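Please read these numbers as outputs of a predicted model, since none were measured by experiment.
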Amino acid sequence: MSEIENKTENGSTESAGECTTGDTKDDKGLGLGVIFFIVAFVGCFLSGTLLFPKLLYSKKEQPFNFDHALHVGEAGDCESCHSFREDGSFTGIPKLDTCLDCHSEEALGETDDEAVFVEEYVLEEKEVPWYVYSRQPDCVFFSHAAHTQTAGMDCVTCHGHIGESTSLKPYEENRITGYSRDIWGKNIFGIKKHSWDRMKMDDCAECHKKETGHKGYCFQCHK
Amino acid sequence: MKVDRRSFLGLGLGAVAGVAVSPIGMKLTDDSSIWTQNWPWTPVPVDGEVTYENSVCSLCPGSCGLSVRKIDDRPVKIEGLAEHPVNDGGACLHGIAGLQYLYDPARVKTPLKKNGDKFEEISWDDAIALVAGKLADLRKKGSPEKLACIADKEQGSVSGLFQRLLKTFGSPNFYTMPSLESYLEVTATALHGEGMTIGFDLENSDFVLSFGSGIIEGWGSPVNCFKANASRKARHAKLYQIESRLSNTAANADKWIPVKPGTEADLALGMCAVILKNNLFDGGATANFIGGFNKLAIMIQKEYAPSKTAEITGVKASDIEKIATLFAKAKMPVAVFGKGRGDGAQSLKELAAVHTLNCLVGNINKKGGAFVQLKSDYLEFPDESMDTIADAGFAKNKTGRYVNQLVEKVNESSKPVVEALFVYNANPCYSLHDSKSVKQAIGKIPFVVSFSSFLDETAKEADIVLPSHTFLERLEDVPSCAGLAKSVVGLTKPVIEPVFDTKHAGDAVILIAKALEGSIAESFEWETYDECLESVAAGIWDSLSEDGYAIISEGVPFGSVAVNVSFLADNPATVQARGDYELTLIPIDNMRLINAGIAASPFAIKTVSDKVLKGSDIVVEINPLTAKGLKDRGYATLTTPTDTARVMINLNEGMMPGVIGMVEGLGHTFDNKYVSNKGINVNDLIGPVIESGSGLDAAFGIKVKISKA
């Protein structure tokens with residue numbers, strides 16, 4: 001008898017033996033398999049929910065802290081600094097020149113942040129390299145004038161109550177896209193409680209549908 | 001319990017299921033889609049405030065007004081400036097692509113000094129000191145006249161500063177590259193006297209007789225000419241184009257009159273003969289002829305009778321009579337000269353003969369005619385301070401009358417006739433005929449300083465390069481020098497901070513003058529060029545700085561002008577093409593290319609048709625009757641007395657038999673992969689022919705042999 005035949009015979013015998021005694025072993029194996037399944041499932045789910053965002057986003061500190069509440073109190077409203085140009089385009093984050101309408105080489109207050117601003121930017125005549133929480137990808141066209149001036153929306157609807165904040169939160173940059181976490185929203189599942197929690201295309205479409213009866217066409221934003 | 005493979009299966013399935021219901025999948029899908037639509041390495045233009053700044057283009061003598069669109073401090077687009085007296089909103093392809101020159105790969109980024117065959121970077125202070133030191137040595141040797149300068153033009157304050165430096169240094173050797181304006185002045189000087197120039201009122205003329213002028217191919221002030229031509233139909237004006245090739249202008253004209261190349265002067269004199277013989281001339285106007293008129297009248301009746309002229313030119317005698325009659329009987333006719341763009345080689349005989357047609361029919365200083373007036377002189381430089389060396393040197397004769405003769409003298413002489421040369425806004429090693437011999441001459445000059453913004457063919461031959469700002473980075477007065485009916489000075493303004501470590505050429509000249517000390521430094525009292533400009537252009541500065549331009553003269557000039565045709569009356573010989581071959585090679589001017597000064601931009605080069613440039617092969621035009629055995633799009637070898645070249649053939653019935661046309665403006669060899677090594681430079685193939693009497697290089701072409709490659 002060849003070695004193979006022997007092995008086959010032995011194998012079949014062993015196999016048959018296992019089959020006959022394997023029912024109880026199978027149940028135990030399945031039970032352990034279920035436990036392993038649950039452990040792996042929970043582990044991966046929690047990793048995807050809690051650990052993944054920490055890996056996906058890198059935290060960056062702004063050049064120095066900015067107190068919106070203080071500035072709104074002093075300057076009046078959002079448009080005092082985030083103004084519209086004569087041609088209707090939006091200035092976005094103010095340039096140094098706008099800051100210098102009020103500030104000068106002499107600090108107005110006594111905060112360390114203003115000292116950094118004066119020393120590193122005003123005296124050096126350098127623009128402050130702010131990280132912009134609401135910057136959209138370059139393939140998106142957005143007109144502030146159409147929304148706030150024509151449609152009469154207020155800034156809070158999209159930007160939240162940043163005007164009442166006294167400090168700037170760290171900027172979380174998506175390592176893949178390079179854009180801010182605020183576009184997708186803090187909630188990794190994309191669940192939002194307020195209109196300003198997310199700034200994705202679906203959020204635009206949702207509001208457009210509600211306000212105009214239509215989600216809008218591709219070319220309205222993607223020129 | 002035993003950990004077996006089912007446990008691992010459970011682990012794996014659990015992991016997959018856990019990941020599947022976690023946000024990882026949808027988030028990565030979303031992020032990767034954003035990433036792929038916004039590649040991080042693709043440059044994204046920075047957003048900012050949109051502003052417009054007005055300036056003036058100085059890429060060609062046209063001097064069009066420009067409106068530069070900027071985002072914050074960065075210019076992003078150039079458009080024609082509406083209501084500007086030269087171009088009224090129009091712009092040509094070179095002007096709108098002007099921004100590309102700012103970031104040209106061939107730009108000189110900092111002063112350079114040649115060490116052996118290579119350039120090394122040096123500081124501005126060292127460069128100025130080096131130039132001043134060399135010049136001071138020249139003065140010490142007592143031969144200041146051996147400093148020469150080649151600039152693009154005579155007009156304007158920067159050119160004025162170069163002329164002032166040479167004069168106070170003690171040299172009369174200031175030269176300009178050939179240009180339409182220089183030919184207008186040469187013609188006006190020959191016929192009307194010193195200090196005069198000519199403009200053409202194309203916008204109002206009802207009969208334009210063009211002797212090869214590319215009215216819509218870059219002649220004169222191109223955009224102004226486009227507009228004048230575009231309004232021609234509405235004005236019921238006629239354009240007759242006399243040219244050996246069916247150019248765009250000829251195709252657009254009411255009539256195309258093919259003429260043997262180089263016989264345009266004979267044709268013009270033949271037409272003068274018809275006008276005189278048939279009493280079609282203006283009696284009042286002929287009273288202004290103060291010299292040579294009778295002699296000319298007799299000579300042309302004898303030498304340029306229609307039948308004889310027909311034989312010389314290839315134009316039928318009946319056509320000559322008919323066109324001359326139509327021209328003379330038109331209400332506001334004007335004969336226009338300057339073949340092609342008007343800045344190539346021209347013969348004074350031709351220029352004067354064509355302008356004599358204007359003089360005979362009495363359209364000088366009449367609406368729709370030719371305006372003859374004094375050159376605009378809006379700059380007032382203070383008197384120079386001259387020491388004895390300067391006086392003695394400046395009083396000497398120029399080495400040659402024109403730049404071609406300077407090149408010839410340098411090459412002929414065994415001793416250095418020029419020991420130092422400045423080159424500003426000019427590229428003689430590319431633009432002059434027989435560029436190899438020009439390079440040889442420049443190579444013989446011991447010390448060459450280039451003020452070019454680009455390391456072009458001439459700058460490569462220099463010992464020192466003092467890089468200039470481009471026209472978008474500098475302040476400068478730009479007089480229109482292009483045969484316009486009105487005289488306008490524009491102000492080029494910096495629309496961006498200098499991109500590299502360059503200086504205004506005016507500032508560089510002032511620094512050199514100050515470093516030379518003594519009377520030279522005294523003659524340059526200004527600290528900066530900007531201060532100098534405001535001071536010397538004080539008379540028009542308010543208008544220049546507020547409106548961006550100043551109109552020096554507009555409308556029909558007042559008064560009659562004396563005409564002296566003695567030069568023509570002697571019947572100077574018509575210039576013949578060099579060589580013994582059967583065919584004639586002529587250069588073709590194409591609106592999409594530039595031959596003089598600066599090279600065409602990468603954008604402009606991209607727009608050139610494949611009937612002109614196929615890949616890196618230049619395409620020549622040849623009549624099927626002449627192209628015996630040569631196939632369309634096949635290759636051939638051209639041989640002229642100066643060089644040979646491999647070319648592609650374009651069989652074109654619009655080219656006269658016996659003539660081969662090759663475009664000008666290709667074949668650059670400097671370090672710009674978008675522009676250089678495309679085609680060949682026609683100036684390599686054509687050698688200069690100096691016209692006796694005038695001293696001009698009048699080589700309208702060259703004899704050529706063609707064979708299958």
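Looking only at side-chain heavy atoms (C-beta outward), B/Val675 and B/Pro602 come within less than 4.5 Å of each other. For the pair B/Tyr549 and B/Pro85, the minimum side-chain heavy-atom distance is below 4.5 Å. In this structure, B/Leu59 and B/Tyr101 have side chains that are in contact, with non-hydrogen atoms separated by less than 4.5 Å.
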Open item on the list: Working note: B/His504 + B/Glu476, criterion side-chain hydrogen bond (donor to acceptor under 3.5 Å, both in side chains); need CA distance, chi angles, decisive distance, verdict.
Closed with: CA-CA 9 Å; B/His504 197 299; B/Glu476 190 179 341; 4.6 Å; no
>> Checking A/His159 against A/Tyr133 for the ring pair (Phe, Tyr, Trp, His ring centres under 6.0 Å) test, could you report, in this order, the C-alpha distance in whole Å, the side-chain angles of both residues, the deciding distance, and whether it holds?
In response: CA-CA 9 Å; A/His159 294 285; A/Tyr133 302 108; over 10 Å; no
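Listed by chain and residue number, nothing satisfies the salt bridge (charged side-chain N to carboxylate O under 4.0 Å, His left out) test with A/Glu127 (two or more places apart in sequence, or in another chain).
Within the 4.5 angstrom heavy-atom criterion, atoms from both the backbone and the side chain of A/Phe189 approach chain B. Using a 4.5 Å cut-off between heavy atoms, B/Leu11 contacts chain A through both its backbone and its side chain. Looking at A/Ile38, neither its backbone nor its side chain comes within 4.5 Å of chain B, counting heavy atoms on both sides. Both the backbone and the side chain of B/Asp31 come within less than 4.5 Å of a heavy atom in chain A. Interface residue A/Asp87: only side-chain heavy atoms are found under 4.5 Å from chain B. No part of A/Leu46 comes within reach of chain B, as not one of its non-hydrogen atoms sits under 4.5 angstrom from that chain. Heavy-atom distances place no part of A/Thr91 under 4.5 Å from chain B, backbone and side chain included.
Chain A is approached within less than 4.5 Å, heavy atom to heavy atom, by B/Asp72 from residues 67-79 of chain B, ordered by number. Residues of residues 216-223 of chain A having a heavy atom under 4.5 Å from any heavy atom of chain B: none. Using a 4.5 Å heavy-atom cut-off against chain B, the contacting residues of residues 179-188 of chain A are A/Tyr179, A/Trp184, A/Ile188.
Between A/Trp196 and A/His194, the two ring planes are parallel [angle under 30°; tilted spans 30° to 60°]. Classification of the A/His82-A/His68 ring pair by plane angle, with boundaries at 30° and 60°, yields parallel. Ring geometry for A/His144 versus A/Phe142: interplanar angle over 60°, hence perpendicular rather than tilted (30 to 60°).
A/Asp101 and A/Thr98 share no side-chain donor-acceptor pair at under 3.5 Å. Checking B/Ser33 against B/Asp30 by side-chain atom types alone, no donor-acceptor pair falls below 3.5 Å.
Remark: side-chain polar atoms of A/Ser195 are paired, donor with acceptor, to backbone N or O of A/Thr157 under 3.5 angstrom.
Around the NZ atom of B/Lys227, the shell of radius 6.0 Å holds more than 12 heavy atoms that belong to other residues, nucleotides or ligands.
Note that A/Lys60 lies outside the cation-pi zone of A/Tyr171, set by a 6.0 Å cut-off to the ring centre and a 45° limit from the axis.
The pair A/Lys192-A/Glu206 counts as a salt bridge, with a side-chain nitrogen and a carboxylate oxygen less than 4.0 angstrom apart.
In this structure, the separation between CD on B/Glu534 and CG on B/Leu544 is 10.5 Å, given to the nearest 0.5 Å.
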